[in-house]
2 protein chains.
Amino acid sequence: MTFDSKQQATVTLAEVAQAAGVGESTVSRVLRNHGSFSRKTRDRVMAAVEQLGYVPNRIAGTLASAGSRLVAFAIPSLSNIVFPDVLRGASGVLEANQHQAVFAVTDYDPGREEALVAAMLAWRPAAVMLAGLEHTEGTRKMLRASGCRIAEVLDLDGTPVDLAVGFSNSAAGRASAEFLLKRGYRRIGYVGHDLERDTRAGKRFSGFTETLQAAGCALVDRQINAGPSSAESGRLGLEHLLARSPDLDAVYFSNDDMAIGGYFHCLARGISIPSQLAIFGYNGLDIGRVTPQPLSTIRTPRVMSGQVAAELIVANAPPQVVDLGFELVEGATV
Amino acid sequence: MTFDSKQQATVTLAEVAQAAGVGESTVSRVLRNHGSFSRKTRDRVMAAVEQLGYVPNRIAGTLASAGSRLVAFAIPSLSNIVFPDVLRGASGVLEANQHQAVFAVTDYDPGREEALVAAMLAWRPAAVMLAGLEHTEGTRKMLRASGCRIAEVLDLDGTPVDLAVGFSNSAAGRASAEFLLKRGYRRIGYVGHDLERDTRAGKRFSGFTETLQAAGCALVDRQINAGPSSAESGRLGLEHLLARSPDLDAVYFSNDDMAIGGYFHCLARGISIPSQLAIFGYNGLDIGRVTPQPLSTIRTPRVMSGQVAAELIVANAPPQVVDLGFELVEGATV
DNA sequence: TTGAAAGCGCTAACAC
DNA sequence: GTGTTAGCGCTTTCAA
């Protein structure tokens, strides 16, 4: 069943020009506040705009003037707050600069990412923003051929196409391992989610385990759950891990969502933190600061990554890599 | 400092036509798989497309054909997971139907919403999706004049412009009060965030307090924090509330984020739940199911709201109100 | 089954 | 300071 919305007889710039008794280009100049026109003309035009309820057509404007003011986002997920955070940082800057954000969700699937990037490129965006540096060769080729700016955020371990803003995930993994070792933990386990899809979590895991190994203190056990990260997955993951390896003294989680789940498991089972078991997360979510014991974790500049990337885009800055770093939060769970 | 991205000599449909040795309209028909053409022609066109790396220009296509396939979202916030949830529900449907999502963040400000809706309308979207039914008269007027479909989600208490999908917030507030009363609580308090801006939370609050009042058991005390909802705000809010009114037996929170903060406060202070204090939230976030005691709350169909609204949009269904209801989760904190 | 041509609504020279 | 005009890259009649 379809509904025939009465097709509005849309007001065009030509009609405004006629109503104001001026030429089309004059209306265009006034509206974009570009070029010169008299105060009087301006008032006449604005009056006509007001009276007719004219809404400029950016589709036509963009076609006529080449460069668009669209910025396209291909994000892995909307469930993981990390990506809304990036969008939030970016959208503030974009809105302040008269740019418009368009987005699509790849669900961590590189093939889907490729298809969605192709679809978004058809809108001739000024830039496209992607999560991480891992993409199909097809995606990379399209991006390069598109001629628009590319911003890859949240990962620095690899070769960017154009702009890269974020931090090193493998360095974050290493820093986490070093911290646990420094605190004297030796029987360390890991609870994580699907590392194939979330390649940034995979890089952290690698950095973490390699550092342990190098210290002669290899990872004792790991529990990797299928599916996305969640508090529930973290809780179940820790339960399984401890069932197999009850003598662990610390557990590294793939992120804070997972770690919070592990934390709840300990609360429910009366496992005392950190004396019986230490817990370490990743992301520095707000909720981890409010738990009875603040979560030990690594705080990442997610909002700032989106913001800086957007600023570089609107400024049309040269290709570059911006390392925003991360911050280790000692918390009380280690 | 700006960067001169080498302006790609973008391939146009005309060039494809020339390379394939056919007319432009033929290429257009083949690409949209619309109208008739021979198998042989099709192959020639596709070969040329492939060889030239042609990416259709949807800006031009949309201008030429009227109706766009953009759907615009004006959402209050990206920090509150509620709105990413709606986007998630909608974007799945839109991507499956070759529609493209564009969004902007209003920050719960009706004036800002109006400005952003105006900006998005300039892209001539097929539809615009908004949170709730409360908008400025200017916004409503623009929306009606736009001729595109309007979907208002997450609230049903008021008069929609076109499509409305969600549930009644005041009914949710009433149901929460009835539940607490039924369980025998009589000294009930409230901890909330900025109700002026979050009008849906305001409607729940009204429904809640009116029901208490009607039962001869008026709200004992309330703590309303400035700023957005968060676990931290909830924790501090409960602390303040209990400092003033230590003899409360139940507290209703403006949402689960706030309630989780309150839950943590109780854990930290050794306040036993629910015997000393009952806690009730709103939203049914996943994290509330993983806490040692599952949070008592109302689960709302956020993802589904986005999904159903998007389905009505792509189907161009007649104006209607879809009540998806909500579910009271008994949990263990009441 | 295919091509020619007329726009879609605007911007950007370029004249005046 | 302002109007005229030629496109921007496509879709869509309308003939052929």
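Chain letters run A, B, ... following the sequence lines, proteins first, then strands; residues in each count from 1. Computed over heavy atoms, backbone and side chain alike; hydrogens, waters and symmetry mates excluded.
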For this session: Go through the side-chain N and O atoms of A/S36 and A/R29 and say whether any donor and acceptor fall under 3.5 Å apart.
Result: no
For this session: Take the C1' atoms of the five end pairs on each side of the helix from C/dT1-D/dA16 to C/dC16-D/dG1, derive the two axes, and give their angle rounded to 10 degrees.
Result: 30°
Problem set entry | Pair A/R200 + A/E134: basic N to acidic O under 4.0 Å | no
Exercise. A/R58 has an atom CZ; how far is it from atom P of C/dT11, in whole Å?
Worked result: 9 Å
Exercise. Can a salt bridge be assigned to the pair B/D43 and B/K40 using a cut-off of 4.0 Å between side-chain N and carboxylate O?
Worked result: no
Exercise. Under 3.5 Å, side chain of B/E152 to main-chain N/O of B/V161, donor-acceptor pair present?
Worked result: yes
Exercise. Given atom CD of A/Q18 and atom C1' of C/dG9, what is their separation to the nearest angstrom?
Worked result: 15 Å
Exercise. Across the strands shown, which category fits B/S36 at heavy-atom distances under 4.0 angstrom: base, sugar-phosphate, nothing?
Worked result: base
For this session: Spell out protein contact along nucleotides 5-16 of chain D as letters: B when the base is contacted, S when just the sugar-phosphate is, - when no protein heavy atom is under 4.0 Å; keep the 5' to 3' order.
Result: --BBBBSB----
Exercise. Excluding sequence neighbours, so at least two apart, what forms ring pair (Phe, Tyr, Trp, His ring centres under 6.0 Å) with B/F103?
Worked result: A/F103
Problem set entry | Basic-acidic side-chain contact under 4.0 Å: A/R144, A/E137 | yes
For this session: Would you kindly give the CZ-to-C1' distance between B/R42 and C/dT2, to the nearest whole Å?
Result: 17 Å
Seminar exercise, completed: To the nearest angstrom, the CZ-P distance between B/R39 and C/dT2 comes to 13 Å
Exercise. Hey, are the side chains of B/T62 and B/R69 touching, using non-hydrogen atoms and a 4.5 Å cut-off?
Worked result: no
For this session: Please determine if A/D107 and A/R112 form a salt bridge, counting it only when a charged side-chain N lies under 4.0 Å from a carboxylate O.
Result: no
For this session: Starting at atom CG of A/N33, determine the distance to atom P of D/dG1, rounded to an integer number of angstrom.
Result: 12 Å
